[in-house]
Amino acid sequence: MMSFRSKDRNVQPRFNWPWRSESPLSAQLLIDIPPEIELSDYRRLPGSGSESPSGLLHGEGFKDEPIADLDIFFERLYEYFCAKGLRCIVTKWIIEMLNVLFMVCCIGFFFLIVDWNALGHLKCGVEALESGEKPCDLMQVVKHNPLVPFTFPKMITIGSMVILTTYGLINFLKFFVQLRSTLNIRDFYCNSLKITDLEIQTISWPKIIEKVVLLQKSQKLCVVRDLSEHDIIMRIMRKENYLIGMVNKGIISFPIRPWVPGAGPTVKSHLQNRRNHLILPKALEWTLNWCIFQSMFDSKFCVRKDFLTSPAVLKKRLVFVGISMLILSPCLVIFPLVYLILRHAEEIYNHPSTASSRRWSNLSRWIFREYNEVDHFFRHRMNNSAVHSLNYLKQFPTPLISIMAKFISFVSGGLAGALIIIGFLGESVLEGHIFGRNLFWYTIVFGTIAAISRKVVADELQVIDPEGAMCNVVQQTHYMPKRWRGKEDSEVVRREFETLFQFTIVMLLEEMASIFISPYLLIFEVPKRVDDILRFISDFTIYVDGVGDVCSLSLFDFRRHGNRNYASPFDALKTLRSSQGKMEKSFLRYI
């Protein structure tokens, strides 16, 4: 039976670390670092234009009366800051409701109302005149009895509409349920912190934290003690820190094939002593959050003892959610499909080169995110890394493909240009048909092919320096596995890096596939890791007065989790260290 961390192992009510430049601990961490240690590269972090979160570790407090649920209060405080005021919150809510309504209408119209077979045979314009038919009537492609006959695909479509409508109604009611607390947060900003909705547009988060800390001198927030900034961030990031730790320690990794959509880098599981593939699509992240993190804490923000000692209950919950998701998966997959069409079709049509744009995958965000790093600071860091990541992938030119792309670009661009010139001479000429298609259609096709092929052509001015390019990436991502070091120019590292920095279209398609993959993982693979998950929670949970149970890695306890290879003053057991010095890197982020 797994041991539960006793509440007798309390941390001091207030951290005595200065958390400033004069900190003896930070001085010890940053001097005399051997050159082989990865953290030595972080001294070269560019400071221009970066919003440093170095002021995130002081103290906080609020209100005349103690607040019942401080976690929710701090979360709403941060959400209000990110939303930039009440007007933006209300506007965003209205837009979300309209988006849901629009999505439901689009699903019903395109999957039920439109007769695609009739649309394919419909003739309009010159084609209709040449065939001697009447001018096309678009009402001919509208089904008057869309549900007759009632087939299985129509049942799936209606099911997806019902699910999406239910989601919209829940959000509609949720807004009014939370409206009172949102107004209280607004009053707190205006009356207690003296920050108006106009000022919140530009004020930084550390300044808000400092104001809350100073307010604690006159208004009581926590009945136990005054909270530091570190305490407040740990409350906001309570659940996220556990997930960051699980990904870092290889808990969320499974023995799957590398070609499985969403499969990321391989990691060595310290608990199973084998290499598995990390995988965490959004569908799996949401289900793990609901099954584990939303049910593991009691009303006092402590991990429930019965949660840790009942692995069978968690396994049943995971399997039940997996089966439910599998049943609903045909309906759920319609949402990202319609979103993909609505969100990116027009963009790709007008700017075909965007088809080759890249974004960080959902898995990479949990690999790179550091302990106690709030969302907007993390997004700022990831946005800064995108340019460097693109530059790194350009370090691997493919001469053969580039030569072919130049030829395709030259031919398709020339044909598109010739058709445009013909159009200037006489627009009616473009209405002529070749192989059943008018010249307008060929102009669009050739232009699209030319735009995409030009993106594939290697830049002749590109400087090939994989090591330097990777160094710039690491300065932002703080991620450099040992197996990558010294092999930055290898194809193996490039392929693994591409699993994290993916083409946008590929990533969206993988998220659609994850709706079918996640049920398999929840039913067959995740239950096998339940013991490891609960052991991690037990071993890496510590109680802090005024905060509750938190992930001990987020406490920056070097005596318990330190690693001298990453400049920690202490060397803990290997099983208790963070992988790749994540805890030490997270600490350096805040000093």
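Annotation: K394, atom NZ; neighbour count of heavy atoms from other residues, nucleotides and ligands within 6.0 Å does not exceed 12. Within 6.0 Å of atom CZ in F152, 12 or fewer heavy atoms from other residues, nucleotides or ligands are found, so the atom counts as exposed in its surroundings. The 12-atom threshold is not exceeded at NZ of K174, counting heavy atoms of other residues, nucleotides or ligands nearer than 6.0 Å. Open room surrounds CZ on F102; 12 or fewer heavy atoms of other groups in view lie less than 6.0 Å from it.
Taking the six-membered ring where the residue is Trp, H376 and W205 present perpendicular rings, their angle passing 60° and hence far from 30°.
Side chains of N372 and N241: a donor on one and an acceptor on the other come within 3.5 Å. Inspection of the T477 and S385 side chains reveals no N or O donor paired with an N or O acceptor under 3.5 Å. With no hydrogens or angles considered, a side-chain donor-acceptor pair links S181 and R76 at under 3.5 Å. Using modelled atom types, one finds no donor on one side chain facing an acceptor on the other under 3.5 Å when comparing H388 with Q476. Side-chain contact, Y80 with D197: a donor N or O sits under 3.5 Å from an acceptor N or O.
Between M296 and R304, the closest side-chain pair of non-hydrogen atoms is not below 4.5 Å. A heavy-atom distance below 4.5 Å is not found between the side chains of I208 and Y78. Proximity of L500 to P265: side-chain heavy atoms (C-beta onward) are separated by under 4.5 Å at one or more points. Residues F175 and V90 have side chains in contact (heavy-atom distance under 4.5 Å, counting atoms from C-beta outward). Between V212 and L193 the shortest side-chain heavy-atom distance falls below 4.5 Å. Contact of the T166 side chain with the I170 side chain is registered, since non-hydrogen atoms from C-beta on lie closer than 4.5 Å. Contact check for K249 versus V267: no side-chain heavy atoms found under the 4.5 Å cut-off.
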Practice problem: Could you check L337 against F111 for side-chain contact (heavy atoms from CB on, under 4.5 Å), going step by step and ending with a plain yes or no? | Solution: CA-CA 12 Å; L337 175 62; F111 288 88; 4.2 Å; yes
Quiz item: Does the pair I452 and I408 meet the rule for a side-chain contact (heavy atoms from CB on, under 4.5 Å), with working shown?
Solution: CA-CA 10 Å; I452 295 176; I408 295 174; over 6 Å; no
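Under a cutoff of 6.0 Å and an axis angle of 45°, K316 and F320 do not form a cation-pi pair. In this structure, R235 forms no cation-pi arrangement with F74, as its terminal cationic atom is not both closer than 6.0 Å to the ring centre and no more than 45° off the ring axis.
Between F176 and W93, the ring centre distance stays below 6.0 Å. Taking the six-membered ring wherever Trp is involved, the centroid distance between the rings of F301 and F297 does not fall below 6.0 Å.
Residue H478 forms a side-chain hydrogen bond (donor to acceptor under 3.5 Å, both in side chains) with just one option from R369, E370, K582, and that option is E370.
Checked against salt bridge (Lys or Arg N to Asp or Glu O under 4.0 Å), R494 has the following partners two or more places apart in sequence or in another chain: E491, E498.
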Please output the side-chain donor-acceptor pairs of residues 281-289 that fall under 3.5 Å, not counting sequence neighbours, one pair per line with the distance.
| unit_1 | atom_1 | unit_2 | atom_2 | d |
| --- | --- | --- | --- | --- |
| E285 | OE1 | N362 | ND2 | 2.9 |
| E285 | OE1 | W366 | NE1 | 3.2 |
| T287 | OG1 | A283 | O | 3.1 |
| T287 | OG1 | L284 | O | 2.8 |

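When all heavy atoms are compared, the tightest approach of N171 to M97 is CB-CE, 3.5 Å.
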